[in-house]
Chemist: 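Before we start, here is the structure in question, set down as structure tokens.
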Amino acid sequence: MKVPDLEPASSLDFIRTRIAEDLKANRNGGRVHTRFPPEPNGYLHIGHAKSICLNFGVAAENNGLCNLRFDDTNPIKETVEFEESIKKDVKWLGFDWDDRLFYASDYFEKLYEYGVHDGKAYVDSLSAEEIRDHRGTLTEPGRESPYRHRPVEENLQLFQRMREGEFEDGTHVLRAKIDMASPNINMRDPVLFRIMRASHYRQGRKWVIYPMYDYAHPISDALEGITHSLCTLEFEDHRPLYDWCLDNLPIPYRPEQIEFARLNLSYTVLSKRKLLTLVTEGHVKGWDDPRMPTLSGLRRRGYTPEAIRNFCESIGVAKRDAIVDVAQLEHAIRNDLNKRSPRVMAVLRPLRVVIENYPENETEQLDAVNNPEDATAGTRKVPFSRVLYIEQEDFRENPPKQFFRLAPGREVRLRYAYFITCKEVIKDASGNVVELRCTYDPATRGGDAPEGRSSPKATMHWVSAAHAVPAEVRLYDRLFNEERPDNDSSVNPGSLEVLSGCQVEPSLKTSNHGDRFQFERQGYFCVDPDSRPDALVFNRTVTLRDTWAKIEKNLKK
RNA sequence: UGGGGCGUGGCCAAGUGGUAAGGCACAGGUCUUUGGAACCUGUAUUCGAAGGUUCGAAUCCUUCCGCCCCAGCCA
């Protein structure tokens, strides 16, 4: 009898499919070994998370390994600070490279040895501009350098002298001898090594020549026994060169490079260069500014590693250029936080409410559910008294049709407390509503409607004025107003709004940095590192879905 | 008009000759002490276009159109 093949529950992306095929064909002896190879020249962002999840994920799924390798071949851009931030972020995301932390710079000696192997490369003494001139254009072939046919012996000597620091920066380079007429510009004798007197953050002044990415990368992969070298689409053109390096050097091993589309997100930028600019030009407060799509920014904003991983899984891996809607990222964090974050009441823009028929000096402790999504989260006590704060936007003197929160003469429920009715509106000299005089119904304690009475349409959050704790709340919005920001786009001026007179329930007094909460009816918030016990600071991670906002928006149309 | 890729609903994305998964978003509805969550329902006669092969095509062939990447001694 024929045994049916067991198909995987969900479909595999093209890379996982390819790896499964390789495994089935017993290529690489059944091994899967990937690597995440960041250059330590900036902070990791959500786009890197996609690559990290792919590389570490694919390895884990196949009982394989994934290395962390720093591609530190350009000393003028790289720093320890960046390296440390990258390691921290990869760990935070939830991945572990165990003892497999590597550096391209540890392979410099090997890369040097392979340099002029077998006459496959030559020392060129043209200037940078001359090399550019000789390269040709997209439609015209390049021209060979007059130095292209130097004897192997001479190349060997010159290359050694390059290393020994006998030449000025930029006077010589080592080039691969491939094909100046290749329609693929990357194959027109690409530079392999350049002279650069720069202090390397790990190697110091040990080297004055540094290898180029195209040369260092395939060899690094080979030396580490990488089976699948996953990178982004812009390197597709480089694959022939990747393969050339491995084919023409005495390396007994052949990793396979596979390219996938990098992540783009609407309303933000994801290139290291642009992110660097935002930081250096002061448009944001640093790499970990909660508006930044960096992992450190998202972390400070209150995103969880789980949410980011789920997001990366949800967007898939393919080859077409795509711009993922930020709404998809927001969905991922809401989905995660909904299940795990304790609910709490916080009034962002307070409006004073006096309950006229409530005793002056009385305080009640009312029971509030910590998380309706999690029965084990239990309950807490929330103090109620005569003077309260509610949200300014929860009261309308002239409520539009579908507004069913508080208005003159109207009754609403205060969550876990009582039904209250608005009796009087008090305004200041310029006509602003500054206080509401209300009455409460003692029969509705806890917020339950007595038998036979229908419950109000609105339930609102509130805080007892005498017990509330003042706090600063930072509201974040999309970094850019344009869906696809370009180089001329400027940061959304409304991307950060700081609210200073907020009143939060007393249980928040003991919260710690990084703690996450749902402020009921408003969104998810976390305690910022700037927060102190006597000066609480919260960041809004993301708002709750707000159907009233949609209704109101449509009313205005 | 050199080379390399890619085109499936508003945004992602499965599908690889047998009659268009799923998620996000959106629109209705149920429920609700968060206008939250959850749940239900709806949304591509059509897969960039046009021809062709076939009983049958998003999947095969041809032509065309559109988009992205490459001329760093960056990665």
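Any value given below was found using the heavy atoms of this structure, including those in side chains, with hydrogens, waters and symmetry copies removed. Letters go in sequence order (proteins before strands), and every chain restarts at 1.
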Chemist: B:C26 phosphate, OP1 or OP2: any side-chain N/O from A:Lys550 under 4.0 angstrom?
Modeler: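 Result: yes.
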Chemist: Scan every strand shown for a Watson-Crick or G-U wobble partner of B:G42, both distances under 3.5 Å, and answer none if you come up empty.
Modeler: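 Paired with B:G42, as far as the under-3.5 Å criterion goes, is B:C26.
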Chemist: For B:A21 versus B:U54, give the span between their C1' atoms, rounded off to a whole number of Å.
Modeler: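 The answer is 26 Å between these two C1' atoms.
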Chemist: So which protein N/O to nucleotides 64-67 of chain B N/O distances come out below 3.5 Å?
Modeler:
none

Chemist: Salt bridge between A:Arg262 and A:Glu234, side-chain N to carboxylate O under 4.0 Å?
Modeler: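 Yes, charged N to carboxylate O under 4.0 Å.
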Chemist: Just by distance, no angles: are the side chains of A:Thr379 and A:Asp367 close enough, under 3.5 Å, to form a donor-acceptor pair?
Modeler: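 The answer is no; no qualifying pair exists.
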Chemist: Under 3.5 Å, which protein N or O atoms sit close to an N or O of nucleotides 72-75 of chain B? Give each pair with its distance.
Modeler:
from: B:G72; atom 1: OP2; to: A:Arg135; atom 2: NH2; distance (Å): 3.1
from: B:C73; atom 1: OP1; to: A:Arg135; atom 2: NH2; distance (Å): 3.1
from: B:C73; atom 1: OP2; to: A:Arg135; atom 2: NH1; distance (Å): 3.0
from: B:C73; atom 1: N3; to: A:Gly170; atom 2: O; distance (Å): 3.4
from: B:C73; atom 1: N4; to: A:Leu126; atom 2: O; distance (Å): 3.1
from: B:C73; atom 1: N4; to: A:Ala128; atom 2: N; distance (Å): 2.9
from: B:C73; atom 1: N4; to: A:Gly170; atom 2: O; distance (Å): 2.9
from: B:C74; atom 1: OP2; to: A:Arg194; atom 2: NE; distance (Å): 3.0
from: B:C74; atom 1: OP2; to: A:Arg194; atom 2: NH2; distance (Å): 2.7
from: B:C74; atom 1: O3'; to: A:Arg194; atom 2: NH2; distance (Å): 3.3
from: B:C74; atom 1: O2'; to: A:Asn74; atom 2: ND2; distance (Å): 2.9
from: B:A75; atom 1: OP1; to: A:Thr73; atom 2: OG1; distance (Å): 2.6
from: B:A75; atom 1: OP1; to: A:Arg194; atom 2: NH1; distance (Å): 3.3
from: B:A75; atom 1: OP1; to: A:Arg194; atom 2: NH2; distance (Å): 3.2
from: B:A75; atom 1: OP2; to: A:Tyr213; atom 2: N; distance (Å): 3.0
from: B:A75; atom 1: N6; to: A:His238; atom 2: NE2; distance (Å): 3.4

Chemist: Will you find, in the side chains of A:Glu224 and A:Tyr107, an N or O donor that is under 3.5 Å from an N or O acceptor?
Modeler: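 Judged by distance alone, the side chains do pair up.
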Chemist: Can you tell me how far C1' in B:C69 sits from the matching atom in B:G56, rounded to whole Å?
Modeler: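 It comes out at 38 Å once rounded to the nearest Å.
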Chemist: What's A:Pro372 touching, base or sugar-phosphate or nothing? Going by heavy atoms closer than 4.0 Å.
Modeler: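 Base contact.
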Chemist: Identify whether the glycosidic angle of B:G17 places it syn (within 90° of 0) or anti.
Modeler: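 That one's anti.
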Chemist: Using the C1' atom in both, what is the distance from B:A44 to B:G15, to the nearest Å?
Modeler: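 Looking at atom C1' only, B:A44 and B:G15 are 14 Å apart.
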